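First up is the structure itself, then whatever we jot down about it.
Quantities reported herein were computed from a predicted structural model and do not represent experimental measurements. By convention in this document, chain letters (A, B, ...) are assigned in the order of the sequence lines, proteins followed by strands, and residues within each chain are numbered from 1.
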Amino acid sequence: MSDNYRTLLNKAFLDCDTVEVARKLLGFSLCRESEEGLVSGIIVETEAYLSKNDPACHASRGKTRRNRTMFGPPGLAYVYFIYGNYYCFNVVTGQEGQGEAVLIRALEPVEGLLLMQKRRGKKCPVGNLTSGPGKLCQAFAIDQAFDGHDLATKPLYLKNTNFTRGALTVKSTPRIGVSAASDKCLRFIIDGNHYLSR
DNA sequence: GTTAAGATCTGCT
DNA sequence: GCAGATCTTAACG
């Protein structure tokens, strides 16, 4: 099903340069199956959160109840609740016990647009469905139940679509919404994509 | 037990 | 472009 995703995490990056994974995840598809139907989208924006020299990372102050999934094996989903209203969805990277992850910030909607629209609110324009961490979790119905979920298995999984791969122009910028370590360019985007968070 | 801050979004100006 | 909503988490006493 998602062999290429496994390959990415297991082979090429097990010794895992998290920054590299953040870059390579651009262009991958995220799929979500449910009783209501299938939704999917292409990852167009990510951010890396590192265990060392990165005060913005949840794991920077050790293991806690909230961030324990980050310290698990790579390939799991790390989902947490923020600002009283929204979830953020991450892919755990690095070796087990390391505490690194890649935040998925934005997707380009591909399948199940109507279902996404239904979840996000009726008159939500397509360009606003998944263009932000909290938004894409709403559109994909991702909540805390997926914290610790293996992203190579249904009903939520990643796969390599080869969509415009090779032709991608990737840019890096400072991360959004974090005050700490704002000098580091750990946000990666598909340059010019219409569905970026900003 | 109490408090301050946060990897955000929406609506209004 | 900006302020308010909203509540969990973690730090501190």
Q: Identify the nucleotide, in any strand shown, that forms a Watson-Crick or G-U wobble pair with B:dA7, with both distances under 3.5 Å; if there is none, say none.
A: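 Paired with B:dA7, as far as the under-3.5 Å criterion goes, is no nucleotide at all.
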Q.
Strictly by Watson-Crick or wobble contacts shorter than 3.5 Å, is anything paired with C:dT6, and which nucleotide is it?
A.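 Result: none.
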Q) Looking at B:dA7, does its base get a donor-acceptor pair with the side chain of A:Tyr80 below 3.5 Å? A)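 Side chain to base: pair present.
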Q: Would you kindly compare A:Gln144 and A:Tyr86 by the position of their nearest DNA chain C nucleotide and give the one closer to the 5′ end?
A: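 First, find each residue's nearest nucleotide; the 5'-ward one identifies A:Tyr86.
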Q) Base, sugar-phosphate, or nothing for A:Phe81, non-hydrogen atoms under 4.0 angstrom? A)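 Since only primed, P, OP1 and OP2 atoms lie under 4.0 Å of A:Phe81, the category is sugar-phosphate.
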Q: Report which part of the nucleic acid A:Arg66 touches: base, sugar-phosphate, or nothing (heavy-atom distance under 4.0 Å, all strands).
A: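 Answer is sugar-phosphate: A:Arg66 comes under 4.0 Å of backbone atoms only.
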Given atom [atom1] of [X] and atom [atom2] of [N], what is their separation to the nearest angstrom?
X        : N      : atom1 : atom2 : value
A:Asp143 : C:dT8  : CG    : P     : 14 Å
A:Ile82  : B:dG6  : CD1   : P     : 9 Å
A:Arg68  : C:dT9  : CZ    : P     : 10 Å
A:Asn67  : C:dT8  : CG    : P     : 18 Å
A:Glu45  : B:dA7  : CD    : C1'   : 11 Å
A:Arg105 : B:dC9  : CZ    : P     : 7 Å
A:Phe188 : B:dA7  : CZ    : P     : 19 Å
A:His58  : C:dA11 : NE2   : P     : 11 Å

Q. Do A:Met116 and A:Phe140 come within less than 4.5 Å of each other through their side chains, counting heavy atoms only?
A.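 Heavy-atom side-chain distance check passes, below 4.5 Å.
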**Q.** Below 4.0 Å: OP1/OP2 of C:dT8 and any side-chain N or O of A:Arg65
**A.**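 No, no such contact exists.
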Q) OP1, OP2 of C:dT9 versus side-chain N and O of A:Arg61: anything below 4.0 Å? A)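 So the side-chain polar atoms of A:Arg61 never come under 4.0 Å of the phosphate oxygens OP1 or OP2 of C:dT9.
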Q: For A:Tyr49 and B:dA7, say yes or no: do the ring centres fall under 5.5 Å of each other while the ring planes differ by less than 30°?
A: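 Here A:Tyr49 meets both the 5.5 Å and the 30° conditions.
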Q. Under a 4.0 Å N-O cut-off, is there an ion pair linking A:Arg175 with A:Asp54?
A.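 Looking at A:Asp54 together with A:Arg175, the answer is yes, because their closest N to O distance falls below 4.0 Å.
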Q | Same cluster (ILVMFWY, side-chain, under 4.5 Å), A:Tyr78 and A:Ile176 | A |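 They do not share one cluster, since no chain of ILVMFWY contacts under 4.5 Å joins A:Tyr78 to A:Ile176.
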**Q.** Within one Ile-Leu-Val-Met-Phe-Trp-Tyr cluster: A:Leu156 and A:Leu38, side-chain cutoff 4.5 Å
**A.**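 No, no single cluster joins them.
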Q) A:His58 and A:Tyr80: aromatic ring centres closer than 6.0 Å? A)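 Yes, the ring centres sit under 6.0 Å apart.
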Q | Of the listed nucleotides B:dC9, B:dT10, B:dA7, the one nearest the side chain of A:Tyr78 | A |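 The listed nucleotide nearest to A:Tyr78's side chain is B:dA7.
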Q: Specify the residue among A:Asn128 and A:Gly177 whose closest nucleotide of DNA chain B lies further upstream toward the 5′ end.
A: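 Final value for this comparison: A:Gly177.
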